[in-house]
Amino acid sequence: MTISTMNAAPNASAPDESARRTTRAAYAALGWVVLFFAFHIYWYCGGSFASPGKLPPLGPAPNRLETTAGVHQLVAWIINGVVDAAWPLGALVCLTVARGWARGRLASATKALVWVGCVVLLLRGGAGILDDVTRATGFLSNGITGLSLKDETGHAHLRWSDWAVDWYFLAGGIIFWLLAVRYRPQQGRRRRRHVDALTLQPVPRWATRLAHSIPLMVLPSGLWRWAVAFGFPMGMLTSSGQLDVMRGWPAVYVAFISLLSEAVALTAFGLVRPLGEEVPRWLPFFGGRAVRPKAVIVAATVGSVALMLIWTVGFWDVWTSGQPAPMASPFWAAVFTISYAPLNLWGPALLVLTWAYHRRSRVGRLICSPT
């Protein structure tokens, strides 16, 4: 046996070992899903061992948490349907990874679903453990949900099964994280697509700076809402004149809106970065496709007008009165105004960036057109 053959042997076995680790992680995730689903069938059939207490309804009716958050029955039906479908879909995804059924873009979509499952399970397990800890220590008598344990589970005190279920969710998130990290999709041949001539034109420095300033315009209002979500009243008063402290799912909703607003603000970079010219290759199904400038211009223009209608026209009464609701003092009214006033610049700034993008795309087409 030559030295080159001896050196090649370990290198050849490395992909096999990586594939075996991925397969083991996939079967571990599949076992997690099957065990969780089996226990739910056991509980719905009347079993009591390790039961979390009150189970969600099998029908479309909203549960107690959804009712508290003001969820419509149709929306609750959709949410519950998605949750119910997640378990068989999760089992199918794990089995697909373990057996190597997915190729190309389908493999990328499979990995994206694994990451979604990882994030959902980690959030569910982490939030559940945090809720248990705050109840057990007395820091929050009704936990982070704002509901009593009786309303949430049907029993008056924390039991070992409550902790076990939450830790099981967290363990599932860790297992899916290992699977997502180890899974290396086998990509099929990807055609090299033409990128729009927009790349021939440099982005003006002022446009880049303006794009970077848009997330900063949204940040103050997001921080204000996050403070409200974490239980700080920020000077807001109830109808009875008491400080208005937000708890439970409304607080989660406000925090989510803040993150969503900042994420939407970050899309402005697509007007000064390659994101506005080619779909990122890591996205399933559409990755690598050239973006039509006309579609970007129409979407950005509509978004700009919508932002001006929401934050300037829709909040007109707030801007003229100086406060959104009864406030404890003029100081807190000023804090709100200072935090939300930059949102009036979001729409116009995005519209200016859209105009600059339109000019560059038009000049690029003229350069590439035959003479």
So which heavy atom on Met327 is nearest to which on Ala333, and how close? CE-N, 4.0 Å
With side chain to side chain donor-acceptor pair (under 3.5 Å) as the test, would you mind laying out the steps for Arg225 and Tyr340 before giving the verdict? CA-CA 10 Å; Arg225 286 192 296 268; Tyr340 272 76; 3.1 Å; yes
Before giving the answer on side-chain contact (heavy atoms from CB on, under 4.5 Å), spell out for Val116 and Phe176 the whole-Å C-alpha distance, their side-chain angles and the decisive distance to 0.1 Å. CA-CA 9 Å; Val116 170; Phe176 271 78; over 6 Å; no
Could you see if Leu89 belongs to whatever hydrophobic cluster contains Val97? Use Ile, Leu, Val, Met, Phe, Trp, Tyr and a side-chain cutoff under 4.5 Å. yes
Test side-chain contact (heavy atoms from CB on, under 4.5 Å) applied to Leu259 and Trp226, step by step: CA-CA 9 Å; Leu259 293 176; Trp226 267 91; 3.8 Å; yes
Interatomic distance, OG1@Thr301 vs OH@Tyr357, rounded to 0.5 Å, equals 11.0 Å
Looking only at non-hydrogen atoms, find the nearest pair between Asp166 and Gly128 and report the distance. OD2-O, 3.2 Å
Under the side-chain contact (heavy atoms from CB on, under 4.5 Å) criterion, do Leu271 and Leu350 qualify, and how do the steps go? CA-CA 9 Å; Leu271 298 173; Leu350 185 61; 3.8 Å; yes
Can you name the nearest heavy-atom pair linking Trp346 to Ser261, along with the distance? CH2-O, 3.7 Å
Gap between atom SG of Cys94 and atom OH of Tyr183 - 0.5 Å precision: 11.5 Å
Are Leu113 and Phe36 grouped together when hydrophobic residues (ILVMFWY) are joined by side-chain heavy atoms under 4.5 angstrom apart? yes
Any donor-acceptor pair under 3.5 Å linking the side chain of Thr267 with the backbone of Val264? yes
Do you know which two heavy atoms are closest between Arg99 and Tyr27, and how far apart they sit? CD-OH, 3.5 Å
Rounded to the nearest 0.5 Å, how far does CH2 of Trp163 lie from CG of Leu158? 6.5 Å
May I ask whether Leu95 and Leu106 are part of the same hydrophobic cluster, defined by side-chain heavy atoms of I, L, V, M, F, W, Y residues being less than 4.5 angstrom apart, directly or through others? no
May I ask you to test the Pro204-Arg360 pair for a side-chain heavy-atom distance under 4.5 Å? yes
Taking the side chain as every heavy atom from C-beta outward, state whether Ile129 and Leu170 have any atom pair closer than 4.5 Å. yes
Out of curiosity, Ile257 CD1 to Glu262 CD, how far, rounded to the nearest 0.5 Å? 13.0 Å
Locate the shortest heavy-atom distance separating Trp332 from Gly235; write the atom from each residue and the value. CG-CA, 3.5 Å
To the nearest 0.5 Å, what is the distance between NE2 on His358 and NZ on Lys294? 10.5 Å
Are the side chains of Met308 and Leu343 in contact, using a 4.5 Å heavy-atom criterion? no
Minimal heavy-atom distance between Val218 and Ala265, with the atoms involved, is CG2-CB, 3.6 Å
Output for pair (Trp355 CH2, Ser304 OG), nearest 0.5 Å, gives 14.0 Å
Looking at Arg135 and Asp162, is any side-chain nitrogen of the basic one under 4.0 Å from a carboxylate oxygen of the acidic one? no
Is any side-chain heavy atom of His212 less than 4.5 Å from a side-chain heavy atom of Val272? no
Within 6.0 Å of CH2 in Trp206, more than 12 heavy atoms from elsewhere: yes
Which residues satisfy the side chain to side chain contact (heavy atoms under 4.5 Å, CB included) test with Thr96, sequence neighbours excluded? Leu92, Trp101, Ala102, Thr110
Any chance the rings of Trp32 and Tyr168 have centres within less than 6.0 Å? yes
Exactly one candidate in Phe232, Phe230, Phe336 meets ring pair (Phe, Tyr, Trp, His ring centres under 6.0 Å) with Trp224; the answer is Phe336
Transitive ILVMFWY side-chain link Leu178 to Val181, under 4.5 Å: yes
If two hydrophobic side chains count as joined below 4.5 Å and joins carry through other members, does Leu353 share a cluster with Phe269? yes
Are any of the side-chain heavy atoms of Leu351 and Leu307 separated by less than 4.5 Å? no
What residue pairs, at least two apart or across chains, pass salt bridge (Lys or Arg N to Asp or Glu O under 4.0 Å) with a residue in residues 21-41? Glu17-Arg21, Glu17-Arg24
